[in-house]
Protein chains: 2
Amino acid sequence: MARTAAVSPITASRALRGERAVAAELVERVRQAADALGYVPDPAARALASQRSVLVPVLVPLLSNALFVDVLEAVQRQLAPEGYQMLIGVTHYDPLEEEKLLASYFAMRPAGLLLTGFDRTPEARQRVAASGVPCVHLMETTRADDVYCVGFSQQDAGECMTQHLLERGYRRIAFVAAQLDPRTLQRAEGYRRSLRAAGRYDAGLELLSPEASSLRVGGELFAQLLRAHPDVDAVFFCNDDLAQGALLAAPRLGVAVPGQVAIAGFNDLAGSEQMLPALTTVRTPRSSMGEAGARMLLSLMRGEPVARNCVDLGFELTVRSST
Amino acid sequence: MARTAAVSPITASRALRGERAVAAELVERVRQAADALGYVPDPAARALASQRSVLVPVLVPLLSNALFVDVLEAVQRQLAPEGYQMLIGVTHYDPLEEEKLLASYFAMRPAGLLLTGFDRTPEARQRVAASGVPCVHLMETTRADDVYCVGFSQQDAGECMTQHLLERGYRRIAFVAAQLDPRTLQRAEGYRRSLRAAGRYDAGLELLSPEASSLRVGGELFAQLLRAHPDVDAVFFCNDDLAQGALLAAPRLGVAVPGQVAIAGFNDLAGSEQMLPALTTVRTPRSSMGEAGARMLLSLMRGEPVARNCVDLGFELTVRSST
DNA sequence: CTGAAAGCGCTTACAG
DNA sequence: CTGAAAGCGCTTACAG
């Protein structure tokens with residue numbers, strides 16, 4: 001290719017990358033030769049010579065949750081145009097699985113790394129730090145100033161929804177959760193904080209199940225809760241999956257929503273507004289987290305300074321007719 | 001590393017890859033040295049020297065459809081243990097976007113390729129063929145014998161569901177679709193074939209909308225259909241998203257399901273069995289397609305022969321209470 | 001069964 | 001602004 005353009009390989013390389021100053025005329029000649037020959041630089045050779053790849057692993061707990069899919073799509077939209085290749089790793093909420101994934105990704109000399117939350121094994125944490133690979137954490141915030149993150153306060157969001165239920169006049173407010181990942185537990189903490197402050201906290205009204213979240217499980221937990229506590233007048237489900245399941249189960253259980261029991265969810269997933277009644281929930285900044293997280297990582301990978309190490313994107317209480 | 005084990009680099013390389021015969025004692029020594037030093041071969045150097053990468057792009061239309069997520073998870077489960085790295089590309093049902101993605105992936109010298117269906121630009125098709133990169137097509141079947149595929153007959157599945165509705169005694173059977181991707185249109189063809197054979201085909205009962213599929217759109221199209229054709233007694237929705245939306249909208253529209261109108265979907269997505277009434281649908285072999293497709297690709301990448309170039313995994317009519 | 005040599009296709013660092 | 005040399009860390013092909 002360099003020969004076709006009648007320049008040295010280095011000049012061709014520089015012309016193609018737009019690096020340093022190359023005479024405009026030469027750049028043009030190189031570009032035409034490249035086009036004519038369909039030349040595309042070999043990424044392996046490039047990575048080997050420059051000692052840095054273009055790979056950016058992104059680790060998420062699940063793909064079967066629209067939440068993470070939205071984040072990933074946003075990340076991809078930011079990284080691809082800059083020449084980076086996103087690699088999706090699924091941890092299934094298992095820190096050990098995440099640790100193994102990280103090991104296999106570090107073997108690839110990644111350019112950057114995007115992680116979900118802060119909950120991981122000490123080994124994983126240490127490997128990330130030791131690698132020197134730029135890393136941004138998504139979904140949560142932290143007060144620590146030695147890590148980078150883009151997210152929102154899960155605890156505040158949990159508290160906000162509970163506060164809404166209190167203000168609506170509900171008094172026996174239950175919290176139902178499945179999966180029990182760190183962010184779910186942070187929301188539970190917000191729920192407790194709110195009810196304790198109102199003097200209405202009752203640990204018996206927390207129904208926490210370790211099984212995976214789904215519509216079916218939502219309906220089952222809802223039935224179980226009402227059996228044990230017929231006096232419950234509102235239920236805060238840790239996510240919309242469960243809440244939608246409860247909404248679908250309500251007619252079968254002969255429960256009027258919100259007349260007899262109010263139902264609230266979390267995340268504002270697809271379908272929540274279509275439910276009958278439409279589901280009150282918390283809208284979370286999924287695309288913005290992916291976008292801002294990716295942009296922060298881009299800055300770090302380029303060695304540029306970032307304004308703040310931790311960005312809080314907030315959330316939005318979305319009141320509909322189920323409460 | 002080779003020095004620590006006191007062998008030559010080539011021997012170390014061979015020992016680690018398990019290639020050719022290396023004395024068991026040396027293998028052991030090399031392995032221990034690698035462990036002790038935390039040595040991991042550089043994939044870029046490996047790719048450059050061996051002239052083949054470990055990258056396998058998988059192109060799907062969307063991530064926001066559980067259908068493709070299930071396929072991707074299955075593919076990942078097969079490829080990762082064999083040392084291949086899946087790269088997810090999202091085409092948004094746009095052949096031009098797919099063509100661009102393919103170009104950027106071919107620049108990486110991929111080891112293999114997994115595509116969704118057969119609908120792409122001639123340029124894309126030609127690039128794939130010219131590249132010589134092993135490629136398996138997912139989701140559909142074909143009679144062509146110069147391509148590899150793992151899927152099922154979308155048309156037969158559409159016909160099967162329509163046949164079921166006819167057997168149930170429904171006579172004014174509508175077909176409602178959104179997105180209008182190739183597979184949706186194949187299902188429509190099956191619907192037509194079945195009704196024509198029964199002498200009950202009425203083109204007026206097809207409602208085809210190009211907008212993206214969602215619960216909301218399902219409800220809207222259902223309402224629109226009933227307004228135009230109050231005598232419809234069954235609706236075959238091209239996917240469960242739409243059907244679920246219709247099911248949720250039915251009470252609002254004052255329509256009894258299946259009493260007044262039967263509703264059927266396609267794909268058996270999460271939630272379809274939780275609906276009230278539970279949704280009749282077609283269960284499609286998503287995980288098996290991902291798994292079998294990945295295994296076929298694995299064979300091709302290794303240069304092994306494959307039994308059949310096109311594998312039909314079938315589908316399963318799943319009758320519940322909505323019909 | 002093991003190894004010395006050459007080379008994969010780029011980029012870095014040093015000259016000029 | 002341009003280039004000759006060296007080298008990134010592996011594997012291939014050839015010997016022995």
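Letters A, B, ... are given to chains in the order of the sequence lines, protein chains preceding strands, and every chain is numbered from 1.
- Applying the 4.0 Å criterion to OP1 and OP2 of C:dG3, one finds that B:Thr11 has a side-chain N or O inside that range.
- Closest to the side chain of A:Ser13, out of C:dG3, C:dT11, C:dC8, is C:dT11.
- Under the 4.0 Å criterion applied to side-chain N and carboxylate O atoms, B:Arg302 and B:Glu82 are assigned as salt-bridge partners.
- Taking only side-chain nitrogens and oxygens, A:Arg17 comes nearer than 4.0 Å to OP1 or OP2 of C:dT11.
- Using a cutoff of 4.0 Å between basic side-chain nitrogens and carboxylate oxygens, B:Arg120 and B:Glu99 are not scored as salt-bridged.
- Between D:dT12, C:dC8, C:dC10, one nucleotide has an atom nearer to the side chain of A:Ala49 than all others, and that is C:dC10.
- In the displayed structure, B:Glu304 atom CD is contacted under 6.0 Å by more than 12 heavy atoms of other residues, nucleotides or ligands.
- Look at CE on B:Met108: it is 15 Å from P on C:dC10, rounded to the nearest Å.
- Whole-Å rounding puts the B:Ile10 CD1 to C:dA5 C1' distance at 9 Å.
- When the nucleotides D:dC8, D:dA4, C:dT2 are ranked by their closest atom to the side chain of A:Gln51, D:dC8 comes out on top.
- For B:Arg14 against C:dG3, a side-chain N or O and a base N or O form a donor-acceptor pair under 3.5 Å.
- Stem analysis of DNA chain D (Watson-Crick or G-U pairs, both distances under 3.5 Å, runs of at least three) returns C:1-3 with D:14-16, C:5-12 with D:5-12, C:14-16 with D:1-3.
- In this entry the distance linking CG of A:Asp42 with C1' of D:dC10 reads 13 Å, nearest Å.
- Distances shorter than 4.0 Å separate none of the side-chain N or O atoms of B:Arg46 from OP1 or OP2 on D:dC8.
- Which of D:dT12, D:dC10, D:dA4 sits closest to the side chain of B:Ser50 comes down to D:dT12.
- The neighbour count for B:Arg109 CZ, taken as heavy atoms of other residues, nucleotides or ligands under 6.0 Å away, is above 12.
- A 4.5 Å side-chain heavy-atom check between A:Tyr93 and A:Glu98 finds every atom pair outside the cut-off.
- Considering only side-chain atoms of A:Leu48, the nucleotide from C:dT11, D:dG9, C:dC8 that sits closest is D:dG9.
- For the atom pair CG (A:Leu59) and CG (A:Leu115), the distance works out to 6.0 Å, reported to the nearest 0.5 Å.
- When distances run from any side-chain atom of A:Ala45 to the nucleotides D:dC10, C:dT2, C:dC10, the shortest one goes to C:dC10.
- A salt bridge does not link B:Glu291 to B:Arg77: none of the charged nitrogens lies less than 4.0 Å from a carboxylate oxygen.
- Ranking D:dT12, D:dG3, C:dC1 by closeness to the B:Ala23 side chain, first place goes to C:dC1.
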